[in-house]
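Structure, as structure tokens:
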Amino acid sequence: GYRGPVRIKKKHTLGGAIGGMLLGIVLVFGSPVVLWMAESQHTAKDFAAAQQVETAEATDGYVTFQGAPQVLDSVTCVDKNDCLYSEKREQELVTKQQEECGTVTENETTRKLYETTLECDEDGNCKQCYMVEKDVWEDKNVVTDFGKVKIGAYTVSFTEGALMIGLEEETVSKGEKKRDVWEFFKTPEELRVAGDSYGGEVAGAGELTYVLSNLDYAATLAELQARDEANKWMLRIAAFFMLFIGFSSIFGLVTYFGHLLRRFPIIGPLFKEGAKFLVAVASFLLALVVFAVMWV
């Protein structure tokens, strides 16, 4: 049932194996950096270390306080002027075409147009390729606004570097092919702030974490701890996979030579599959050991 010209795609080449080795070395040596980043998540630690102060009198330094905000500069969000931060992404539904090989699932946004070519590897395994049409939302314009409030003796500015707890999202349809996607921070009854104060002006926190939250102190701390823990595990997993993929790429020459022996009768396929299995097992065990050593 295949139609179209045949295209041979080489999976295993000597140049590719050598390139894979170099990439593998980069991944292996880059994994400690990613693991270090994982263990260095510090937003909750920063927040907990901030000096808790009252709002009646301004205190300089990295402080945290909470109070009812008096709005100095508000911003528009979803056609209402009751936000302190908003980002509006004006999007348009556009149709793009691209070639895909193998199984293509058609749905409301993806359609197969026609068969293009038959893509085969050196072992004769083939996949039909298709020209595929997809509908995707594309950003045409992005508008970001920041507000400012006064809480007692402090003037607090919302900035791009702030970690905002309480962000909301909403999509506003402008027709079949246009929409606005909003991300915004509504003006809360009470605002919890952690940042550097200089003469009562708070607009950042330097190397520490600038926190703007619609939650109280305990809930904000719990939310930051949960985020730090989630980021830690995400980066830990990324570091492990960097090691596994890195060692697999470094041992790519073993897979390449096993692939060269595939033509030998009877033992050829065994060499090929055995090389792949050996590389996978060795890479996993090495990654496990190295990861454990780095983590400890």
Side-chain angles (χ1 to χ4, degrees), residues 37-89 142-172 180-235:
M37 291 171 60
E39 306 309 321
S40 301
Q41 297 298 304
H42 58 84
T43 63
K45 182 180 179 181
D46 289 349
F47 181 77
Q51 180 185 357
Q52 297 193 54
V53 296
E54 299 297 327
T55 60
E57 184 177 347
T59 302
D60 287 347
Y62 185 58
V63 298
T64 181
F65 53 87
Q66 183 171 332
Q70 175 189 347
V71 179
L72 302 179
D73 294 321
S74 64
V75 300
T76 300
C77 59
V78 198
D79 300 326
K80 295 179 181 178
N81 293 311
D82 63 350
C83 290
L84 298 174
Y85 162 81
S86 71
E87 180 188 78
K88 180 176 73 169
R89 301 199 308 275
V142 180
V143 180
T144 305
D145 287 320
F146 301 94
K148 182 183 291 187
V149 299
K150 192 170 183 62
I151 302 177
Y154 295 93
T155 300
V156 180
S157 298
F158 278 65
T159 63
E160 190 173 354
L163 193 164
M164 302 180 207
I165 297 176
L167 287 172
E168 299 180 48
E169 289 188 2
E170 188 171 331
T171 299
V172 179
D180 293 339
V181 179
W182 290 86
E183 182 182 58
F184 53 91
F185 188 97
K186 284 187 176 180
T187 304
E189 293 184 4
E190 289 205 339
L191 179 68
R192 166 62 62 174
V193 179
D196 282 338
S197 168
Y198 297 99
E201 295 284 340
V202 183
E207 295 182 358
L208 300 174
T209 305
Y210 184 29
V211 180
L212 301 169
S213 171
N214 61 358
L215 305 176
D216 61 19
Y217 182 87
T220 298
L221 180 59
E223 176 66 20
L224 292 173
Q225 289 171 335
R227 293 188 184 198
D228 282 350
E229 195 64 23
N231 289 335
K232 281 182 181 181
W233 280 107
M234 180 181 67
L235 291 168

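This structure is a prediction, so every number in the text was calculated from the model and none was measured.
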For a quick test of your reading: what N or O donor-acceptor pairs under 3.5 Å do the side chains of residues 50-62 make, sequence neighbours left out?
{"unit_1": "Asp60", "atom_1": "OD1", "unit_2": "Gly199", "atom_2": "N", "d": "2.9"}
{"unit_1": "Tyr62", "atom_1": "OH", "unit_2": "Thr209", "atom_2": "O", "d": "2.6"}

On a heavy-atom basis, which atom in Gln41 and which in Met37 lie closest, and how many Å separate them?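 Closest approach of Gln41 to Met37: NE2-O, 3.0 Å.
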Check Ser86 against Thr76 and note the closest heavy-atom contact, atom names and distance.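 Minimum heavy-atom separation between Ser86 and Thr76: OG-O, 3.0 Å.
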State which residues pass side-chain contact (heavy atoms from CB on, under 4.5 Å) with [X]; sequence neighbours excluded, sorted by chain then number.
X     : value
Ser40 : Trp36
Glu39 : Leu35, Arg236, Trp295
Ser74 : Val71, Asn81

Identify each donor-acceptor pair in which a side-chain atom of residues 180-194 lies under 3.5 Å from a protein atom, sequence neighbours left out, and give them as a table.
{"unit_1": "Thr187", "atom_1": "OG1", "unit_2": "Asp82", "atom_2": "O", "d": "3.1"}
{"unit_1": "Glu190", "atom_1": "OE1", "unit_2": "Gln66", "atom_2": "NE2", "d": "2.9"}
{"unit_1": "Arg192", "atom_1": "NE", "unit_2": "Gln66", "atom_2": "OE1", "d": "3.0"}
{"unit_1": "Arg192", "atom_1": "NH1", "unit_2": "Thr64", "atom_2": "OG1", "d": "3.0"}
{"unit_1": "Arg192", "atom_1": "NH2", "unit_2": "Gln66", "atom_2": "OE1", "d": "3.1"}

Which pairs, with at least one residue in residues 146-172 and sequence neighbours excluded, count as a salt bridge (Lys or Arg N to Asp or Glu O under 4.0 Å)?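 As it turns out, there is no salt bridge (Lys or Arg N to Asp or Glu O under 4.0 Å) pair with a partner in residues 146-172 once direct neighbours are skipped.
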Residue pairs fulfilling salt bridge (Lys or Arg N to Asp or Glu O under 4.0 Å) with at least one residue in residues 207-224, sequence neighbours excluded: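 Listed once each, the pairs are Glu223-Arg227.
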For Asp46, all residues meeting salt bridge (charged side-chain N to carboxylate O under 4.0 Å, His left out), sequence neighbours excluded: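 Per chain and number, Asp46 pairs via salt bridge (charged side-chain N to carboxylate O under 4.0 Å, His left out) with no residue.
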Side chain proximity check, Asp73 to Val75, heavy atoms < 4.5 angstrom: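 Asp73 does not reach Val75 side chain to side chain.
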Hey, what do you get for [atom1] ([X]) to [atom2] ([Y]), rounding to the nearest 0.5 Å?
X      : Y      : atom1 : atom2 : value
Phe65  : Ile151 : CZ    : CD1   : 5.0 Å
Leu224 : His42  : CG    : NE2   : 11.5 Å
Tyr154 : Ser197 : OH    : OG    : 5.0 Å

Write out all pairs satisfying disulfide bond (SG atoms under 2.5 Å apart) with one or both partners inside residues 55-86, taking only residues at least two apart or from two chains.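 Non-adjacent pairs meeting disulfide bond (SG atoms under 2.5 Å apart): Cys77-Cys83.
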Only counting residues at least two apart or in another chain, list the ones meeting side chain to side chain donor-acceptor pair (under 3.5 Å) with Thr43.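 With sequence neighbours excluded, Thr43 shows a side chain to side chain donor-acceptor pair (under 3.5 Å) to Asp228, given in chain and number order.
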List for me each residue that meets side chain to side chain donor-acceptor pair (under 3.5 Å) alongside Thr220, sequence neighbours excluded, and say none if there are none.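 With sequence neighbours excluded, Thr220 shows a side chain to side chain donor-acceptor pair (under 3.5 Å) to Ser213, given in chain and number order.
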Kindly state each residue pair satisfying ring pair (Phe, Tyr, Trp, His ring centres under 6.0 Å) with at least one member in residues 195-228, sequence neighbours excluded.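 The answer is Phe47-Tyr217.
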